[in-house]
Amino acid sequence: MVFPFDSVEDFSVVLTPEHEMFRKAVREFLEREVAPKAMEVEETDQVPRDLLKKIAEQGFFGIGIPEKYGGQGGDHRMAVIMSEEFCRVLPGLSVYFGTNELFLTPIMLYGTEEQKQKYVPPIARGEKFGAFAVTEPCCGSDVAGIQTKAEKKGDKWVINGRKAFISSSDVADYFIVLARTYPPPDKRLRYLGLTFFVVEKDTPGFKVEQCYHKMGLFGNHACELVLENVEVPDENRVGEEGMGFLYAMETFDRTRIGVAAQAVGMAQAAFEMAFRYVHQRQAFGYPIAFFQAIQFSLVEMMAKIFSARLLTYLAAKLADEDRREFTFVASLAKFYATEVAEEVISEAINLHGGVGVIRETGVERFLRSVKITQIYEGANNIQKLVAYRQLVRLLKEKGQIPDEVAKLVT
């Protein structure tokens with residue numbers, strides 16, 4: 001039997017009453033404070049600062065951050081619920097949580113205690129924002145190919161390079177920047193020699209340049225960064241020199257669960273809108289929900305959403321338990337949830353007919369926003385590759401495939 005888990009019990013995904021109470025609180029807040037402003041944000045591509053302040057006052061920016069560092073505590077499942085619920089109302093808002101998590105994860109895993117005390121509490125309180133500066137004009141999925149360099153001079157590092165498509169960069173106060181600090185030993189080890197540094201926004205030589213006009217995720221902006229002789233002290237280096245690539249991959253293992261949740265939330269919103277519409281819209285003397293073709297579409301949509309949600313929750317549960325299998329399931333959840341979400345949202349637009357493509361209807365915005373979830377934090381073809389390699393490793397560990405088979409792909 002080819003099965004990468006110890007038993008079927010590993011698939012038990014049970015949310016506690018605390019999780020459901022948290023979902024209810026998040027949803028009530030969003031319906032009250034965010035939903036009335038959603039279309040305004042879509043039109044202006046700006047989130048009012050007072051809205052971000054209200055989110056901070058609710059403690060939402062501190063979810064998943066230990067109380068020791070000013071956070072609210074909570075686990076991956078709570079973070080997934082929050083991402084899902086925010087995307088159900090206003091997808092662009094969820095990116096602020098995602099970029100904070102991207103910034104904080106390497107620091108929480110490999111940073112010094114001084115770094116944690118300095119950078120984590122302000123973000124947990126919603127007073128500051130973080131950004132993750134890895135992608136470059138030359139390099140997206142090929143993280144090991146980045147060209148930004150950092151040179152050690154005395155007790156400081158001098159960083160030069162450009163970054164592209166960096167979400168939240170126009171509002172971020174802290175950036176975690178990946179730069180090459182020494183050349184790789186050989187082509188097979190080209191991932192070695194990359195190092196993370198924290199760069200604060202007011203550092204001389206660091207600037208945010210043009211922000212892109214995106215098709216979706218309005219309210220959060222992706223911009224280019226320029227680093228010209230940016231000096232940071234060695235105390236701003238995060239973790240061991242040369243290990244930044246591995247830190248980045250470990251970060252993505254965790255944060256891509258949130259991307260899956262984003263897609264689930266958008267699909268849920270589109271389904272709800274379509275469900276309401278087909279029960280109101282009259283054709284041939286009946287609500288169109290009367291026709292079997294419409295009923296079949298709704299059921300197929302719901303099955304896809306249920307499957308994506310459960311796979312996403314499973315990934316979060318395994319991450320909470322620090323299980324080896326969570327990286328495998330996280331990649332499955334990320335590519336599957338984002339693919340089926342696009343299908344669900346597209347069908348929701350079809351069920352609306354002509355009004356589905358009108359901006360004022362509100363459903364087409366989810367199709368524009370969901371597309372990027374298939375690309376950022378590991379494009380979906382990369383996720384399939386990662387999932388397959390993780391599967392082979394797990395099967396090898398359990399003795400279900402011979403070593404010579406595993407060596408072909410690992």
For the residue pair E127 and D173, what are the closest heavy atoms and their distance?
O-OD2, 4.3 Å
Please round to the nearest 0.5 Å and tell me the distance separating atom OH of Y182 and atom CG of L194.
8.5 Å
Donor-acceptor contact below 3.5 Å, side chain E224 vs main chain V208:
no
Hey, does the side chain of S346 reach the backbone of E343 with a donor-acceptor pair shorter than 3.5 angstrom?
no
Is it the case that the side chains of Q262 and T373 hold a donor-acceptor pair, with the cut-off being a distance below 3.5 Å and no angle test?
no
Determine whether K118 and E200 satisfy the following criterion, salt bridge (charged side-chain N to carboxylate O under 4.0 Å, His left out), listing intermediate values before the conclusion.
CA-CA 12 Å; K118 181 177 181 179; E200 299 184 20; 3.2 Å; yes
Quick test of your reading of the model: are E42 and R368 salt-bridged, counting only N-O distances below 4.0 Å?
yes
Carboxylate-amine/guanidinium proximity below 4.0 Å for R254 and E250
yes
Using a strict threshold of under 4.0 Å (side-chain N to carboxylate O), is an ion pair present between E339 and K304?
no
CZ on F103 to CD1 on I176, rounded to 0.5 Å
6.0 Å
Kindly say whether the aromatic ring centers of F97 and F60 come within a distance under 6.0 Å.
no
Once rounded to the nearest 0.5 Å, what's the spacing between atom CG of L102 and atom OG1 of T251?
7.0 Å
Greater than 12 external heavy atoms within 6.0 Å of R281's CZ
no
Could you tell me how the ring of F275 sits relative to the ring of H279: parallel (under 30°), tilted (30 to 60°) or perpendicular (over 60°)?
tilted
Counting only heavy atoms not in F291, do more than 12 fall under 6.0 Å of its CZ?
yes
So I55 and E33, do their side chains get closer than 4.5 Å, heavy atoms only?
no
Do NZ/NE/NH1/NH2 and the carboxylate oxygens of E57 and K54 come within less than 4.0 Å?
no
Y69 vs M108, side chain to side chain contact (heavy atoms under 4.5 Å, CB included): CA-CA, chis, key distance, verdict:
CA-CA 10 Å; Y69 300 109; M108 293 302 298; 3.9 Å; yes
Is a donor on one side and an acceptor on the other found under 3.5 Å between the side chain of Q115 and the backbone of E235?
yes
Find out whether Q390 and S331 are in side-chain contact, i.e. whether some heavy atom of one side chain is under 4.5 Å from a heavy atom of the other.
no
Can you check ring pair (Phe, Tyr, Trp, His ring centres under 6.0 Å) on F175 and F206, steps first, answer last?
CA-CA 10 Å; F175 297 77; F206 176 83; 4.7 Å; yes
Residues N380, K334; criterion side chain to side chain contact (heavy atoms under 4.5 Å, CB included); working and verdict
CA-CA 7 Å; N380 280 0; K334 198 273 188 183; 3.2 Å; yes
If you look at every heavy atom in S167 and V95, which pair is closest and at what distance?
CB-CG1, 3.8 Å
Looking only at the aromatic ring of each residue, does the gap between the centers of F165 and Y376 stay below 6.0 angstrom?
no
Nearest heavy-atom approach of G356 to E364 is O-CB, 3.4 Å
Side chains of E342 and L367: does their closest heavy-atom pair fall under 4.5 Å?
yes
Test your reading of the model: is there a side-chain donor-acceptor pair from E209 to the backbone of V226, 3.5 Å cut-off?
no
All heavy atoms of A263 vs all of A341, minimum pair found to be O-CB, 3.4 Å
Assign the ring pair F196 / F132 to parallel, tilted or perpendicular, where the plane angle (0 to 90°) is split at 30° and 60°.
tilted
Any I257 side-chain heavy atom under 4.5 Å of T312 side chain
yes
With rounding to the nearest 0.5 Å, note down the distance linking NE2 in H76 to CD1 in I81.
13.0 Å
Begin with the C-alpha distance, continue with both residues' side-chain angles, and end with the deciding distance and a verdict on side chain to side chain contact (heavy atoms under 4.5 Å, CB included) for L15 and R23.
CA-CA 11 Å; L15 298 182; R23 183 196 300 279; 3.8 Å; yes
Exactly one of E241, R180, E240 should register a side-chain contact (heavy atoms from CB on, under 4.5 Å) with T195. Which one does?
E241
Side chain T361, main chain V355, donor-acceptor under 3.5 Å
yes
side-chain contact (heavy atoms from CB on, under 4.5 Å) with I63: which of E101, Q72, Q58?
Q72
Do Q280 and P287 come close enough that some side-chain heavy atom pair is under 4.5 Å?
no
Hey, are E377 and R256 close enough for a salt bridge, meaning a charged N less than 4.0 Å from a carboxylate O?
no
Atom CG in L93, atom CG in N220: separation rounded to 0.5 Å?
8.5 Å
For the residue pair E347 and E300, establish whether any side-chain heavy-atom pair is separated by less than 4.5 Å.
no
Under 3.5 Å, is there a donor-acceptor pair between the side chain of R389 and the main chain of V386?
no
Evaluate the ring planes of H352 and Y277, with Trp represented by its six-membered ring, and classify them as parallel (under 30°), tilted (30 to 60°) or perpendicular (over 60°).
parallel
In terms of heavy-atom contacts, does CD of Q210 have more than 12 from other residues, nucleotides or ligands at under 6.0 Å?
yes
Distance (rounded to the nearest 0.5 Å) between F271 CZ and L298 CG
5.0 Å
Answer yes or no: does atom NZ of K37 have more than 12 heavy-atom neighbours from other residues, nucleotides or ligands under 6.0 Å?
yes
Min side-chain heavy-atom separation M249-V143 under 4.5 Å
yes
Give me the atom names and distance for the closest heavy-atom approach of I305 to A267.
CD1-O, 3.6 Å
Side chain to side chain contact (heavy atoms under 4.5 Å, CB included) for V34 and L51? Distances and angles first, verdict last.
CA-CA 8 Å; V34 178; L51 183 55; 3.9 Å; yes
Hey, are the side chains of I349 and V357 touching, using non-hydrogen atoms and a 4.5 Å cut-off?
yes
Under 3.5 Å donor-acceptor, T181 side chain and G193 backbone:
yes
Give a yes or no on whether the ring-centroid distance for F129 and F61 is below 6.0 angstrom.
yes
Under a 3.5 Å distance rule, please check whether K149 uses its side chain to pair with a backbone N or O of N160 as donor and acceptor.
no
Is D50 salt-bridged to K53, going by a charged N under 4.0 Å from an acidic O?
no
Pair E321 + K317: basic N to acidic O under 4.0 Å
yes
Do other residues, nucleotides or ligands put more than 12 heavy atoms under 6.0 Å from K24 NZ?
no
Ignoring hydrogens and angles, tell me if any N or O in the side chain of Q282 forms a donor-acceptor pair with the backbone of I288 under 3.5 Å.
no
Could you check whether atom NZ of K214 has more than 12 heavy atoms from other residues, nucleotides or ligands sitting under 6.0 Å from it?
yes
For H213 and D45, test the side chains for any donor-to-acceptor distance below 3.5 angstrom and give the result as yes or no.
no
Step through the shown structure and confirm whether more than 12 heavy atoms of other residues, nucleotides or ligands are within 6.0 Å of CZ on R32.
yes
